[in-house]
Amino acid sequence: MPTITHFIVPADDMERAKKFYAELFDWKIEKFPGPIDYYAITTTAENGEEGLGGGLGKRENPQEAIVNYVDVPSVDVYIAKVEKLGGKVVVPKTAVPGIGYAAVCIDTENNTFGLWECDEDAKMNQCESCGMPVEEKTTSKFDDRYCIHCQDQQSGELGSKEQVREGSINAAMQFMGKTRAEAEKMANEMMPKLPRWRE
């Protein structure tokens with residue numbers, strides 16, 4: 001039977017939130033590997049056994065609240081069930097590479113909850129030029145290895161290094177809710193690992 005497996009706490013000030021929860025509940029909060037500003041939370045029960053795990057991430061909109069994720073055998077199957085029962089999907093199925101897939105939904109009472117599917121083979125579709133996640137709307141029509149920000153949709157030519165950097169920054173701001181400074185930091189960290197652009 002599906003059960004709550006994980007929770008995510010959104011924060012306006014990551015350091016302030018880390019300090020609050022670490023000191024209040026003695027939770028262990030450690031940076032998750034990768035360019036995204038995300039921290040893993042480890043909780044411990046009174047008997048010393050590890051409790052429910054969670055995460056701490058940057059709040060992306062003012063109304064965002066704590067989201068509980070329910071472990072399901074298939075996110076796709078449960079998305080279909082959510083919609084059939086009158087709920088809505090607000091964040092589509094998204095890969096967490098090497099870990100699994102997640103989606104965020106709203107129930108019939110306007111409560112937000114997440115779906116989680118474990119899958120060690122999960123891969124995120126990622127632009128090989130700028131490193132940003134790509135989905136159906138942002139994949140280049142010429143080559144699905146690239147996003148619409150990096151490959152010109154008239155000529156099919158890859159953008160220059162500066163165009164790709166600016167596209168990556170704009171995509172992070174538009175689709176991930178990052179500030180300009182946060183998006184620039186992400187681009188600077190990802191782009192040297194994916195040097196595919198026109199010099």
Side-chain angles (χ1 to χ4, degrees), residues 1-22 24-46 49-126 132-138 171-179 182:
M1 175 185 295
T3 188
I4 294 174
T5 187
H6 191 78
F7 63 92
I8 294 182
V9 178
D12 297 314
D13 183 318
M14 300 289 277
E15 291 303 316
R16 182 177 65 199
K18 280 168 50 186
K19 182 178 187 299
F20 178 83
Y21 284 107
L24 178 65
F25 298 128
D26 201 26
W27 286 353
K28 185 176 173 184
I29 304 174
E30 298 177 306
K31 176 78 170 69
F32 197 76
I36 297 172
D37 197 13
Y38 184 80
Y39 292 80
I41 297 173
T42 304
T43 69
T44 307
E46 289 292 326
E49 290 184 16
E50 191 171 305
L52 188 66
L56 178 68
K58 191 77 174 164
R59 188 185 311 277
E60 295 188 9
N61 64 67
Q63 294 79 31
E64 189 176 4
I66 293 174
V67 176
N68 292 312
Y69 283 79
V70 178
D71 189 25
V72 296
S74 167
V75 166
D76 290 323
V77 168
Y78 275 79
I79 281 175
K81 286 185 176 184
V82 165
E83 293 174 332
K84 182 179 179 184
L85 293 168
K88 295 177 185 171
V89 177
V90 291
V91 177
K93 180 180 176 182
T94 305
V96 181
I99 301 174
Y101 297 96
V104 179
C105 307
I106 294 178
D107 69 13
T108 55
E109 311 313 306
N110 210 31
N111 298 303
T112 302
F113 66 96
L115 300 173
W116 174 257
E117 172 188 345
C118 289
D119 185 346
E120 292 179 0
D121 295 325
K123 293 179 183 163
M124 176 174 49
N125 292 332
Q126 187 176 13
M132 290 301 298
V134 291
E135 55 184 35
E136 190 177 333
K137 294 183 286 188
T138 58
M173 291 167 61
Q174 182 178 355
F175 301 112
M176 300 174 78
K178 299 292 182 187
T179 65
E182 291 169 336

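Note: hydrogens, waters and symmetry copies are ignored here, and every other heavy atom, side chains too, is used.
Between Phe32 and Tyr38, the ring planes lie perpendicular to each other; the angle is over 60°, past the 30° to 60° tilted range.
Scanning for side chain to side chain donor-acceptor pair (under 3.5 Å) contacts around Lys28 gives an empty result, with sequence neighbours left out. In this structure, the salt bridge (charged side-chain N to carboxylate O under 4.0 Å, His left out) partners of Glu15, at least two apart in sequence or on a different chain, are Lys18. Residues meeting the side chain to side chain contact (heavy atoms under 4.5 Å, CB included) test with Pro2, sequence neighbours left out: Val70, Val72, Tyr78. When the side chain to side chain contact (heavy atoms under 4.5 Å, CB included) test is applied to Asn61, the partners found at least two apart in sequence or on another chain are Gln63, Glu64.
Considering all non-hydrogen atoms of both residues, Ala11 and Ala17 come closest at CB-CB, 3.6 Å. Between Ser74 and Val77, the closest heavy-atom pair is OG-N, 3.1 Å. Between Ala22 and Ile29, the shortest heavy-atom distance links the atoms N-CD1, 4.1 Å.
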Quiz: residues 98-120 side-chain donor-acceptor pairs under 3.5 angstrom, not counting sequence neighbours:
from   : atom 1 : to     : atom 2 : distance (Å)
Asp107 : OD1    : Glu109 : N      : 2.7
Asp107 : OD1    : Asn110 : N      : 2.9
Asp107 : OD1    : Asn111 : N      : 2.8
Asp107 : OD2    : Asn111 : ND2    : 3.1
Glu117 : OE1    : Val75  : N      : 2.9
Asp119 : OD1    : Asp121 : N      : 2.8

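To the nearest 0.5 Å, atoms CG (Asp26) and OH (Tyr21) are separated by 15.0 Å. Interatomic distance, CD of Glu30 versus CD1 of Ile41, reported as 11.5 Å (0.5 Å rounding).
In this structure, Tyr69 and Ile8 have side chains that are in contact, with non-hydrogen atoms separated by less than 4.5 Å. Looking at heavy atoms from C-beta onward, Thr43 lies in side-chain contact with Phe7 at the 4.5 angstrom threshold.
Sorted by first and then second residue, the pairs that involve residues 70-93 and meet salt bridge (Lys or Arg N to Asp or Glu O under 4.0 Å), not counting sequence neighbours, are Asp76-Lys93.
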